[in-house]
Amino acid sequence: MAEQPLVGIIMGSKSDLPTMEGCTKQLDEFGIPYELVIASAHRNPAKVHEWGSTAADRGLRVIIAAAGKAAHLGGVVAAYTPLPIIGVPMKTSDLGGMDSLLSMVQMPSGVPVACVAINGAKNAAIYAAQILGAGDPNWREKVAEFKRAMAEA
């Protein structure tokens with residue numbers, strides 16, 4: 001039986017998968033179980049609502065939301081859950097990802113979404129591990145080991 005996912009990854013399009021492999025690979029390296037779903041806040045709003053509103057009850061502790069253009073998937077999910085959201089703005093052909101970035105960092109008061117760099121999928125995974133580590137020494141040590149290895153390289 002697979003481990004209970006602790007991180008939920010949601011992305012608006014399957015075209016985001018190649019970029020988000022940096023996130024899933026890093027979570028795999030940490031040994032953090034996750035679930036991944038593709039659902040657009042605009043094309044599949046009912047699916048996003050159902051997934052986001054049940055995330056905490058399903059045992060998720062952190063959500064990573066990736067979207068491009070001004071489709072702010074992270075903000076929509078944040079409206080449905082008390083869990084922390086990490087936004088990953090996707091680079092776009094139109095504005096190079098600035099539209100994605102600004103839609104994530106300009107959230108209204110009371111609906112926070114943390115945000116990493118454009119296409120910063122790996123950092124989203126590391127930040128999720130740090131959030132988990134705030135309450136679990138096992139995950140905190142995984143991040144500490146990662147940082148030690150990075151310093152030695």
Side-chain angles (χ1 to χ4, degrees), residues 5-45 47-136 139-140 142-144 146-147 150-151:
L6 299 177
V7 175
I9 303 170
I10 186 167
M11 58 192 79
S13 171
K14 67 180 176 180
S15 65
D16 299 332
L17 275 169
T19 299
M20 292 306 290
E21 284 178 4
C23 178
T24 57
K25 182 180 177 190
Q26 187 63 58
L27 290 172
D28 286 339
E29 287 178 17
F30 284 141
I32 297 173
Y34 60 88
E35 66 178 45
L36 188 145
V37 64
I38 297 171
S40 164
H42 299 95
R43 294 183 297 272
N44 314 102
K47 183 177 181 180
V48 171
H49 176 265
E50 174 68 19
W51 186 86
S53 63
T54 61
D57 291 339
R58 291 193 323 274
L60 296 180
R61 295 189 191 158
V62 182
I63 293 174
I64 298 171
K69 304 198 181 256
H72 189 13
L73 183 58
V76 172
V77 174
Y80 297 125
T81 184
L83 297 175
I85 310 292
I86 303 166
V88 181
M90 294 284 107
K91 185 173 184 179
T92 60
S93 58
D94 299 327
L95 299 172
M98 286 302 295
D99 47 350
S100 312
L101 174 69
L102 293 174
S103 73
M104 292 183 190
V105 299
Q106 294 296 329
M107 289 301 297
S109 180
V111 190
V113 173
C115 187
V116 296
I118 295 167
N119 283 359
K122 181 176 180 175
N123 271 355
I126 296 165
Y127 190 44
Q130 289 174 315
I131 291 170
L132 293 172
D136 185 326
W139 302 123
R140 188 167 47 250
K142 294 273 188 182
V143 173
F146 172 80
K147 291 189 176 213
M150 201 170 53

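Just so you know, these numbers come straight off a predicted model, no measurement behind them.
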Next item on the list: Measure from the side-chain N and O atoms of T81 to the backbone N and O of S53, and report whether any donor-acceptor pair falls under 3.5 Å.
Entry: no
Check: Do D136 side-chain atoms and L132 backbone N/O form a donor-acceptor pair below 3.5 Å?
Finding: no
Determine all donor-acceptor pairs shorter than 3.5 Å in which one atom belongs to a side chain in residues 116-124; sequence neighbours excluded.
| residue | atom | partner | partner atom | Å |
| --- | --- | --- | --- | --- |
| N119 | OD1 | K91 | N | 2.9 |

Margin query: Show every side chain to side chain donor-acceptor pair (under 3.5 Å) that has at least one partner inside residues 16-26, sequence neighbours left out.
Written below: none
Check: Does anything in residues 69-79 pair up under side chain to side chain donor-acceptor pair (under 3.5 Å), and if so which pairs, sequence neighbours excluded?
Finding: K69-D94
Identify the two heavy atoms, one from [X] and one from [Y], that lie closest to each other, and give their separation to 0.1 Å.
{"X": "W51", "Y": "V77", "answer": "CZ3-CG1, 4.3 Å"}
{"X": "L73", "Y": "A67", "answer": "CB-CB, 3.9 Å"}
{"X": "P89", "Y": "G87", "answer": "CD-O, 3.6 Å"}
{"X": "E50", "Y": "T54", "answer": "O-OG1, 2.8 Å"}
{"X": "V62", "Y": "A128", "answer": "CG1-CB, 3.9 Å"}
{"X": "M20", "Y": "A66", "answer": "SD-CB, 3.6 Å"}

Item checked: Atom pair OG (S40) and NZ (K47), whose distance is rounded to the nearest 0.5 Å -> 10.5 Å
Checklist line | Spacing of CG belonging to L83 relative to CD1 belonging to I63, to within rounding of 0.5 Å | finding: 5.0 Å
Taking the side chain as everything from C-beta on, heavy atoms only, tell me whether [X] gets closer than 4.5 Å to [Y].
{"X": "L36", "Y": "I10", "answer": "no"}
{"X": "W139", "Y": "L6", "answer": "yes"}
{"X": "I64", "Y": "C23", "answer": "yes"}
{"X": "P5", "Y": "L60", "answer": "yes"}
{"X": "C115", "Y": "I86", "answer": "no"}
{"X": "I9", "Y": "V37", "answer": "no"}
{"X": "I38", "Y": "L17", "answer": "yes"}

Notebook entry, point to check: Are the charged groups of E29 and K142 less than 4.0 angstrom apart, N to O?
Noted result: no
Note to self: Would you say OH of Y127 has more than 12 non-hydrogen atoms from neighbouring residues, nucleotides or ligands within 6.0 angstrom?
What the structure shows: no
